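Here is the structure we will look at, set down as structure tokens.
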Amino acid sequence: MWQILHDYGLMFLVGAWPQGPLGGIAATLILAGAGLGISFPLAICLGLARTSTYRALRWPATAWVYAFRGVPLIMIIFWAYFVLPLLTGATVPAFATALCAIVLYESAFLGEIVRAGLEGLPPGQTEASRALGLSYGQAMRYVILPQALANMIPSLVNQFVSTIKATSIVYVIGVQELTFAAQQVNSMETSRALQTFLVLAALYFVPCFALSRVAARLERGLASRRLRAA
């Protein structure tokens, strides 16, 4: 295992960069971070629509959430891989294809986190905001969403962990991330497959475990704040 790290550590970290495209765990973290960052504004819209009293907003948002939560990520990746070139008329890079698929997939899960965060607040918050003369949009922007987002932070960190692990699927369309790097190493070191994939597991475990600990600490901090407020 240590020999694999010594010989191919740089490939696991950054892939073929700088001679080729950035890969390895660096590409994995970029893909997961960009996927969550781009999908989060969409998720806020979905969460607001899911809690809306207007059926014209609530039903399409509900259909979106159930549709993308109900199919495997690899299926969405294949859809994006074949549909995006048809829609754009151009060859779409594998990284962009994977990013689009992850945004669609994660927006559904994050939308449910946003919905739960909004519904977890006491209804009196909205009523008090409206009583002060704030419009619905102002109440959401200045009163409701800031509180809900603070409560969502541990769930968002946990979702980031899930996204990091989910990116391991995108190697099937040629995205040069961490699992792709491990496959390349395994093809060169055919007699050391166990060691190669133990290194792969360790490189996934370290950031995911660290983020899980951060999420647990944030949850304890939020619980302490609620107790002090009570």
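The shown structure was predicted, so the numbers you read here are calculated from the model rather than taken from an experiment.
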Derivation of the side-chain contact (heavy atoms from CB on, under 4.5 Å) call for V170 and I74: CA-CA 8 Å; V170 303; I74 192 167; over 6 Å; no
Between S107 and L46, is the side-chain contact (heavy atoms from CB on, under 4.5 Å) condition met? List the steps. CA-CA 8 Å; S107 65; L46 289 171; 4.1 Å; yes
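The side-chain hydrogen bond (donor to acceptor under 3.5 Å, both in side chains) analysis of residues 192-205, with sequence neighbours excluded, yields the pairs E177-Y204, T179-Y204, E189-R192. The salt bridge (charged side-chain N to carboxylate O under 4.0 Å, His left out) contacts involving residues 90-114 comprise R50-E112, R69-E112, E112-R115, where partners must be two or more places apart or lie in separate chains. The ring pair (Phe, Tyr, Trp, His ring centres under 6.0 Å) contacts involving residues 14-36 comprise nothing, where partners must be two or more places apart or lie in separate chains. Here ring pair (Phe, Tyr, Trp, His ring centres under 6.0 Å) pairs that include residues 160-201, with residues two or more places apart or in two chains, number zero.
The shortest side-chain heavy-atom distance between L48 and V114 does not fall under the 4.5 Å cut-off. You'll find the side chain of Q138 stays beyond 4.5 Å of the side chain of R141, heavy atoms only.
Residues that satisfy the ring pair (Phe, Tyr, Trp, His ring centres under 6.0 Å) test with F78, not counting sequence neighbours, are absent from this structure. Here L121 pairs with I144, Q147, A148, N151 under the side-chain contact (heavy atoms from CB on, under 4.5 Å) rule; sequence neighbours left out. In terms of the ring pair (Phe, Tyr, Trp, His ring centres under 6.0 Å) criterion, residue partners of F209 (sequence neighbours excluded) are, by chain and number, F205. Contacts of F109 classified as ring pair (Phe, Tyr, Trp, His ring centres under 6.0 Å), with partners at least two apart in sequence or in another chain: Y105. Remark: L13 engages I25 in a side-chain contact (heavy atoms from CB on, under 4.5 Å) (not counting sequence neighbours). Residues satisfying the side-chain contact (heavy atoms from CB on, under 4.5 Å) criterion with S162, sequence neighbours excluded, are Q159. Here F68 pairs with W64 under the ring pair (Phe, Tyr, Trp, His ring centres under 6.0 Å) rule; sequence neighbours left out.
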Identify every side-chain donor-acceptor pair in residues 80-104 under 3.5 Å, counting partners at least two apart or on other chains, and give the distances.
from, atom 1, to, atom 2, distance (Å)
T88, OG1, L84, O, 2.8
T88, OG1, A90, N, 3.3
T88, OG1, A90, O, 3.3
T97, OG1, P93, O, 3.1

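Atom-to-atom distance recorded for T167:OG1 and I30:CD1 is 11.5 Å, nearest 0.5 angstrom.
A pairwise comparison of heavy atoms in P60 and L57 identifies CD-O, 3.5 Å as the closest pair.
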